[in-house]
Enquirer: 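Have a look at this one before I ask anything.
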Amino acid sequence: MTHRNDIQDTAADFEIMLHRRQTDLWRLCLRQAWGNTEQARDLMQESILALLRVDARRRHDVTDAEERSWVLLVARTAISNLRRKHRVETVPLDESWALPAEDNDDKARELLDEMRVHLSEADQQLLQLYRDGFAVKDIAVILSITADAASVRLHRLTERLRTIYNDNYKSR
């Protein structure tokens, strides 16, 4: 039998976790909603409901990065399921790329913004996850691939960016 205090503690833990992750969750939802804040709110709500459904299985002895990866994986899965069910369209990467970044180097950010048009959508998503500060193992969890595969994809992306830079921007 579950005691009322256990339920209150679980709810408080969930609320604290959600408060820590709300910015990451909102950015993911906004990227997936064509910049439409109303649709992003719907996606956020669906993500939170999914998190509530699986919260009982959440381990509490994880690192901050592991928790962040878990939250975004659950949210990404919920959004994918909702999209399949209702055919919700994803945000074009041209719009999602414009979301604020924490990078301080404006010239590098501008150059990356110009170069991204030469990248596939999958490469743009991978680069955005990396720019958002995710480690390789976290990117692997979010994309449902192995850490080795994520590492290889990032390496290949780096090589593609180097080639694009050399072919199109080096003479600047």
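Residue indices begin at 1 and follow the sequence shown. What you see is a predicted model; the values in this text were computed from it and never measured.
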Enquirer: Between Val136 and Val141, is there shared hydrophobic-cluster membership here, with clusters defined by ILVMFWY side-chain heavy atoms closer than 4.5 Å?
Expert: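 Per the 4.5 Å side-chain linkage, Val136 and Val141 are not co-clustered.
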Enquirer: Quick check on Glu15: does its CD atom have over 12 non-hydrogen neighbours (other residues, nucleotides or ligands) under 6.0 Å away?
Expert: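 At most 12 heavy atoms, drawn from other residues, nucleotides or ligands, come within 6.0 Å of this atom.
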Enquirer: Mind checking the SG-CZ spacing from Cys29 to Arg76? Nearest 0.5 Å is all I need.
Expert: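 Going from the SG atom of Cys29 to the CZ atom of Arg76 covers 13.0 Å.
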Enquirer: To the nearest 0.5 Å, how far apart are CD in Gln124 and NE2 in His118?
Expert: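 Between Gln124 CD and His118 NE2, I get 11.0 Å after rounding to 0.5 Å.
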Enquirer: Is there a path from Leu25 to Phe14 through hydrophobic residues (I, L, V, M, F, W, Y) whose side chains come within less than 4.5 Å of each other?
Expert: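 The answer is yes; both residues are in one hydrophobic cluster.
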Enquirer: To the nearest 0.5 Å, what is the distance between CG (Leu126) and CZ (Arg160)?
Expert: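 These two atoms lie 8.5 Å from each other.
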Enquirer: Roughly how far apart are Ile139 CD1 and Tyr130 OH, rounded to 0.5 Å?
Expert: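 The distance works out to 8.0 Å.
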Enquirer: Under the side-chain contact (heavy atoms from CB on, under 4.5 Å) rule, collect the residues that match up with Asp24, sequence neighbours excluded.
Expert: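 If we apply the side-chain contact (heavy atoms from CB on, under 4.5 Å) test to Asp24, skipping adjacent residues, the hits are Arg21, Arg68, Leu72.
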Enquirer: Can you give each donor-acceptor pair under 3.5 Å made by side-chain atoms of residues 40-50, sequence neighbours left out, with the distance rounded to 0.1 Å?
Expert:
{"unit_1": "Arg41", "atom_1": "NH1", "unit_2": "Glu38", "atom_2": "OE1", "d": "3.2"}
{"unit_1": "Ser47", "atom_1": "OG", "unit_2": "Leu43", "atom_2": "O", "d": "2.8"}

Enquirer: Less than 4.5 Å apart, any side-chain heavy atom of Ile145 and any of Arg153?
Expert: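 Yes - at least one pair of side-chain heavy atoms lies under 4.5 Å apart.
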Enquirer: With the side chain counted from C-beta on, respond yes when Leu129 and Asp138 share a heavy-atom pair under 4.5 Å apart, and no when they do not.
Expert: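 No. Closest side-chain heavy atoms not under 4.5 Å.
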Enquirer: Please identify each residue that fulfils side-chain contact (heavy atoms from CB on, under 4.5 Å) with Thr77, with sequence neighbours left out.
Expert: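 Thr77: side-chain contact (heavy atoms from CB on, under 4.5 Å) contacts with Leu73, Asn81.
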Enquirer: At what distance, to the nearest 0.5 angstrom, does OG1 of Thr158 lie from NE2 of His155?
Expert: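 So the OG1 of Thr158 and the NE2 of His155 are separated by 7.5 Å.
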Enquirer: Distance-only, no hydrogens or angles: does the Ser151 side chain make a donor-acceptor pair with backbone N or O of Ala147 under 3.5 Å?
Expert: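 It does not hold such a pair.
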Enquirer: List the atom of Trp70, the atom of Leu51, and the distance in Å for their closest heavy-atom pair.
Expert: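 Smallest interatomic distance, heavy atoms only, reads CZ3-CD2, 3.6 Å.
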Enquirer: Atom CG of Asn166 and atom CG of Leu161: how far apart are they, to the nearest 0.5 Å?
Expert: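 Answer rounded to 0.5 Å: 11.0 Å.
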Enquirer: Are Leu52 and Trp26 connected into the same hydrophobic cluster when the rule is that any two of I, L, V, M, F, W, Y join if their side-chain heavy atoms are below 4.5 Å apart?
Expert: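 Yes: a chain of side-chain contacts under 4.5 Å links Trp26 to Leu52.
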